K.L.:
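Sharing a structure here in structure tokens format.
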Amino acid sequence: MNTKFETITLEQNGDFATLSVSREKSLNALNALVHTELKECLTLLKDDNPDNLRGLIFTGAGDKAFIAGADIVEMSSMTPEQAFNFAVLGQDVSLLFEELPFPAIACVNGFALGGGCEMAMSCDFIYATETAVFGQPEVKLGLIPGFGGTQRLAKLIGRNNAKELIYTGRNLKVDEAKELGLVVKVFATKDEMLSAATKTLEKINANSPLAVSTAKSVMNEGNDLTITEGLKVEAKHFGGIFASYDMKEGTSAFTEKRKANFKGE
Ligand code: CAA
């Protein structure tokens with residue numbers, strides 16, 4: 001696929017790709033161009049998946065920052081209408097991470113503040129380095145989170161923890177982020193984190209890709225539903241997947257005591 005973007009890079013490595021925001025001098029801050037390019041790239045991966053990817057790592061260029069938030073310089077002169085459109089664009093990008101038909105792991109190196117924390121939360125789960133710093137500092141700038149932070153943070157760490165963080169705008173070191181369940185695993189270096197994320201994707205990819213992508217969409221859909229409604233969605237897809245090649249193959253391989261050969265169909 002066309003990987004010629006100005007502010008992001010997409011590098012494919014076998015079944016997986018690494019998507020990076022590459023504005024290192026501005027600590028990978030998210031301006032409208034980054035969002036536009038992320039939206040174009042993720043839409044293509046979601047709708048066409050031309051290279052048949054099975055997993056994505058999302059990170060930031062350099063060691064200092066994953067993403068230090070929305071671009072404050074660009075935001076400083078926005079009208080309310082432009083700010084509304086900027087939020088919707090960022091939210092569209094966040095939804096695209098959730099709608100990808102394969103897992104996306106956020107690999108957080110350094111600062112993940114404001115929009116950075118929000119984009120990391122849109123991925124399926126978060127790995128981080130020991131230097132990672134999370135936070136939603138928007139109220140310190142006289143604004144509020146706009147790329148999903150007021151909604152997703154509470155779902156991930158509970159409403160009270162999320163309110164305390166958003167109202168104070170304080171930074172969160174990686175140990176506390178892990179304790180709260182925001183971060184799944186912590187690594188000494190960025191290289192260690194990226195190779196562990198690749199190993200995790202390989203482990204996931206040994207399973208049925210269809211089952212993994214169905215589990216992802218059912219879990220994301222259920223996040224917005226009552227337990228009763230969520231269980232109905234689960235039962236519907238549980239039944240549906242019994243018509244798949246992968247389900248027949250996985251259960252036959254078990255009874256025939258051999259390794260399953262999944263096709264994702
Ligand atoms: N927007 C634009 N530029 C940014 C930026 C941002 N969010 N964060 C950092 N930069 C720029 C700095 O202006 C600086 O540029 P210059 O070299 O041209 O001066 C460069 O990146 C390096 O940053 P610092 O010199 O500030 O580096 P530091 O090590 O002293 O501090 C930091 C690092 C603590 C992350 C600090 O840069 C900072 O506080 N950044 C802003 C964090 C923030 O408030 N994020 C939330 C933004 S609001 C938001 O995201 C809203 C939303 O949800 C939609």
Side-chain angles (χ1 to χ4, degrees), residues 5-9 19-39 42 58-98 106-123 126 128-157 159 161-177 180 182-183 189-190:
F5 295 106
E6 220 178 285
T7 61
I8 62 170
T9 58
L19 176 63
S20 306
V21 178
S22 52
R23 295 187 73 215
E24 205 176 333
K25 279 190 186 155
S26 305
L27 303 188
N28 303 318
L30 301 168
N31 60 15
L33 181 60
V34 180
H35 280 321
T36 304
E37 293 192 335
L38 284 174
K39 187 170 177 180
L42 292 169
F58 182 49
T59 193
D63 286 319
K64 191 168 171 185
F66 169 71
I67 294 169
D71 192 312
I72 300 168
V73 181
E74 195 176 82
M75 283 191 301
S76 63
S77 59
M78 282 180 187
T79 62
E81 193 189 352
Q82 287 168 331
F84 171 82
N85 291 332
F86 186 56
V88 170
L89 182 60
Q91 291 169 0
D92 285 350
V93 172
S94 74
L95 285 170
L96 281 164
F97 280 112
E98 291 186 350
C107 282
V108 172
N109 44 301
F111 295 107
L113 299 175
C117 188
E118 292 170 303
M119 286 303 152
M121 290 192 288
S122 310
C123 293
I126 303 176
T129 58
E130 282 167 4
T131 59
V133 176
F134 294 82
Q136 298 288 161
E138 287 86 350
V139 294
K140 292 185 169 176
L141 298 163
L143 44 129
I144 65 166
F147 306 152
T150 59
Q151 308 303 308
R152 287 195 182 93
L153 189 61
K155 290 188 175 176
L156 277 172
I157 65 170
R159 192 191 62 163
N161 285 320
K163 284 186 168 178
E164 194 259 352
L165 280 178
I166 289 177
Y167 296 175
T168 60
R170 75 181 173 88
N171 285 350
L172 202 60
K173 287 194 176 153
V174 76
D175 290 350
E176 192 183 353
L180 288 171
L182 186 59
V183 166
T189 65
K190 186 177 178 186

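What you see is a predicted model, and the numbers here were worked out from it, not measured in a lab. For ligands, and for the atoms within them, numbers begin at 1 and follow the listed sequence. All values below were derived from every heavy atom in this structure, side-chain atoms included, with hydrogens, water molecules and symmetry-related copies excluded.
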K.L.:
Does the protein put a heavy atom less than 4.0 Å from atom 21 (O) of ligand 1?
P.N.:
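Neighbour list for atom 21 (O) of ligand 1 includes protein heavy atoms (cut-off 4.0 Å).
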
K.L.:
Short list, please: which atoms of ligand 1 are under 4.0 Å from a heavy atom of P137?
P.N.:
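In order of numbering, the contacting atoms are 43 (C), 44 (O), 45 (N), 46 (C).
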
K.L.:
Suppose I only count heavy atoms of G115 and a 4.0 Å limit; which atoms of ligand 1 are within that range?
P.N.:
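In order of number, 49 (C), 50 (O), 53 (O).
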
K.L.:
Can R152 and E98 be counted as an ion pair, charged N to O under 4.0 angstrom?
P.N.:
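Answer for the salt bridge query: yes.
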
K.L.:
To which protein heavy atom is atom 4 (C) of ligand 1 closest, and what is the distance rounded to 0.1 Å?
P.N.:
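For atom 4 (C) of ligand 1, the nearest protein heavy atom is S26 O, 3.8 Å.
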
K.L.:
So, are R170 and E176 salt-bridged, with charged N and O less than 4.0 Å apart?
P.N.:
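Between E176 and R170 there is a salt bridge, with a charged N closer than 4.0 Å to a carboxylate O.
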
K.L.:
Please examine the side chains of L38 and I8, heavy atoms only from C-beta on, and report whether any two atoms are closer than 4.5 Å.
P.N.:
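The answer is yes; the side chains approach within 4.5 Å.
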
K.L.:
Does ligand 1 have an atom that lies less than 4.0 angstrom from a heavy atom of G149?
P.N.:
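Outside the 4.0 Å threshold, so no.
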
K.L.:
Determine, considering heavy atoms only, which of A68, G116, A70 sits nearest to atom 45 (N) of ligand 1.
P.N.:
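Looking at heavy atoms only, A68 sits closest to atom 45 (N) of ligand 1.
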
K.L.:
Does L141 approach ligand 1 within less than 4.0 angstrom via side chain, backbone, both or neither, non-hydrogen atoms only?
P.N.:
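Contact part for L141 vs ligand 1: side chain (C-beta onward).
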
K.L.:
Considering only heavy atoms of M75, which atoms of ligand 1 have at least one such atom less than 4.0 Å away?
P.N.:
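In order of numbering, the contacting atoms are 48 (S).
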
K.L.:
Scan the protein's non-hydrogen atoms and note whether one is under 4.0 Å from atom 36 (C) of ligand 1.
P.N.:
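There is no protein heavy atom less than 4.0 Å from atom 36 (C) of ligand 1.
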
K.L.:
Could you tell me if the side chain of M75 sits less than 4.5 Å from the side chain of I72, heavy atoms only?
P.N.:
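Heavy-atom side-chain distance check passes, below 4.5 Å.
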
K.L.:
So do the side chains of I166 and P145 get within less than 4.5 Å of each other, counting heavy atoms only?
P.N.:
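Heavy-atom side-chain distance check passes, below 4.5 Å.
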
K.L.:
What atoms of ligand 1 come closer than 4.0 angstrom to any heavy atom of G146?
P.N.:
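Ligand 1 atoms under the 4.0 Å threshold to G146: 52 (C), 53 (O), 54 (C).
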
K.L.:
What protein heavy atom sits nearest atom 1 (N) of ligand 1, and how far away is it?
P.N.:
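The closest one turns out to be I72 N, 2.9 Å.
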
K.L.:
Would L143 count as a contact of ligand 1 if the rule is a heavy atom under 4.0 Å away?
P.N.:
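Yes, that is the case, since the closest heavy atom of the residue is under 4.0 Å from the ligand.
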
K.L.:
Atom 8 (N) of ligand 1: protein heavy atom closer than 4.0 Å?
P.N.:
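Neighbour list for atom 8 (N) of ligand 1 includes protein heavy atoms (cut-off 4.0 Å).
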
K.L.:
Measure from atom 17 (O) of ligand 1 to the protein's non-hydrogen atoms and state whether any distance is below 4.0 Å.
P.N.:
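For atom 17 (O) of ligand 1 the answer is no, since every protein heavy atom stays at 4.0 Å or beyond.
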
K.L.:
With a 4.0 Å cut-off on heavy atoms, does G90 reach ligand 1?
P.N.:
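Contact check G90 vs ligand 1: negative.
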
K.L.:
Would a 4.5 Å heavy-atom cut-off, applied to side chains only, mark N28 and F111 as touching?
P.N.:
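Not touching, per the 4.5 Å side-chain cut-off.
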
K.L.:
Out of the candidates V108, N171, L165, L113, only one should pair with F134 under the side chain to side chain contact (heavy atoms under 4.5 Å, CB included) rule; please name it.
P.N.:
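Among V108, N171, L165, L113, the one meeting side chain to side chain contact (heavy atoms under 4.5 Å, CB included) with F134 is V108.
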
K.L.:
How far is atom 23 (O) of ligand 1 from its nearest protein heavy atom, and which residue and atom name does that atom have?
P.N.:
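Of the protein heavy atoms, L27 CD1, 3.6 Å lies nearest.
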
K.L.:
Would you say atom 25 (O) of ligand 1 has a protein heavy atom nearer than 4.0 Å?
P.N.:
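Looking at atom 25 (O) of ligand 1, one finds that no protein heavy atom lies closer than 4.0 Å.
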
K.L.:
Pair up each side-chain donor or acceptor in residues 60-67 with any protein partner under 3.5 Å, not counting sequence neighbours, and list the distances.
P.N.:
none

K.L.:
Going by the order shown, which atoms of ligand 1 are within less than 4.0 Å of some heavy atom of P145?
P.N.:
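Reading through ligand 1 atom by atom, the close ones are 53 (O).
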
K.L.:
Between E130 and K173, is a side chain to side chain contact (heavy atoms under 4.5 Å, CB included) present by the stated rule, with each step listed?
P.N.:
CA-CA 8 Å; E130 282 167 4; K173 287 194 176 153; over 6 Å; no

K.L.:
Is there a side-chain contact between L172 and L182 in this structure, where contact means two heavy atoms from C-beta onward sitting under 4.5 Å apart?
P.N.:
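SC-SC contact between L172 and L182 confirmed.
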
K.L.:
Within 4.0 Å of atom 13 (O) of ligand 1 (strictly less), any protein heavy atom?
P.N.:
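Protein heavy atoms within 4.0 Å of atom 13 (O) of ligand 1 - there are none.
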
K.L.:
If you take the nearest heavy atom of each of E74, E138, R23, Q136, which one is closest to atom 51 (C) of ligand 1?
P.N.:
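Of the listed residues, E138 has the closest heavy atom.
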
K.L.:
Could you tell me which atoms of ligand 1, counted from 1 in the order shown, lie closer than 4.0 angstrom to a heavy atom of E118?
P.N.:
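Ligand 1 atoms under the 4.0 Å threshold to E118: 52 (C), 53 (O).
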
K.L.:
Can you sort out which atoms of ligand 1 are near F147, meaning under 4.0 Å from one of its heavy atoms?
P.N.:
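Within the 4.0 Å cut-off of F147, ligand 1 contributes 54 (C).
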
K.L.:
Yes or no: does K25 have any heavy atom under 4.0 Å from an atom of ligand 1?
P.N.:
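Contact present.
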
K.L.:
With heavy-atom distances below 4.5 Å as the criterion, would you say the side chains of L42 and V93 are in contact?
P.N.:
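Heavy-atom side-chain distance check passes, below 4.5 Å.
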
K.L.:
Within a distance under 4.0 Å of any heavy atom of G114, pick out the atoms of ligand 1 and give their elements.
P.N.:
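Atoms satisfying the 4.0 Å criterion: 46 (C), 50 (O).
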
K.L.:
Compare all side-chain heavy atoms of D71 with those of R23 and state whether any distance is below 4.5 angstrom.
P.N.:
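Yes - at least one pair of side-chain heavy atoms lies under 4.5 Å apart.
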
K.L.:
We want to know whether T131 and T129 form a side-chain donor-acceptor pair, criterion being a heavy-atom distance below 3.5 angstrom.
P.N.:
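Checked: T131/T129 side chains pair up, N/O donor to acceptor below 3.5 Å.
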
K.L.:
Would you say the side-chain atoms of N109 and T59 include a donor-acceptor pair closer than 3.5 Å?
P.N.:
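Yes, side-chain donor-acceptor contact under 3.5 Å.
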
K.L.:
Measuring from non-hydrogen atoms of K64 to any atom of ligand 1, is the shortest distance under 4.0 Å?
P.N.:
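Yes.
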
K.L.:
Can you report which non-hydrogen protein atom sits closest to atom 38 (C) of ligand 1, along with the distance?
P.N.:
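Nearest protein contact, heavy atoms only, for atom 38 (C) of ligand 1 is L113 CD1, 4.8 Å.
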
K.L.:
K155: which residues meet the salt bridge (Lys or Arg N to Asp or Glu O under 4.0 Å) condition with it, sequence neighbours left out?
P.N.:
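Expected list: D224.
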
K.L.:
With side chain to side chain contact (heavy atoms under 4.5 Å, CB included) as the criterion, how do H35 and Q91 come out once you've worked through the C-alpha distance, each side chain's angles and the decisive distance to 0.1 Å?
P.N.:
CA-CA 9 Å; H35 280 321; Q91 291 169 0; over 6 Å; no

K.L.:
Using protein heavy atoms only, decide if any is under 4.0 Å from atom 31 (O) of ligand 1.
P.N.:
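No, there is none.
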
K.L.:
Under 4.0 Å and counting heavy atoms only, is there anything from the protein next to atom 54 (C) of ligand 1?
P.N.:
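Within 4.0 Å: yes, protein heavy atom nearby.
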
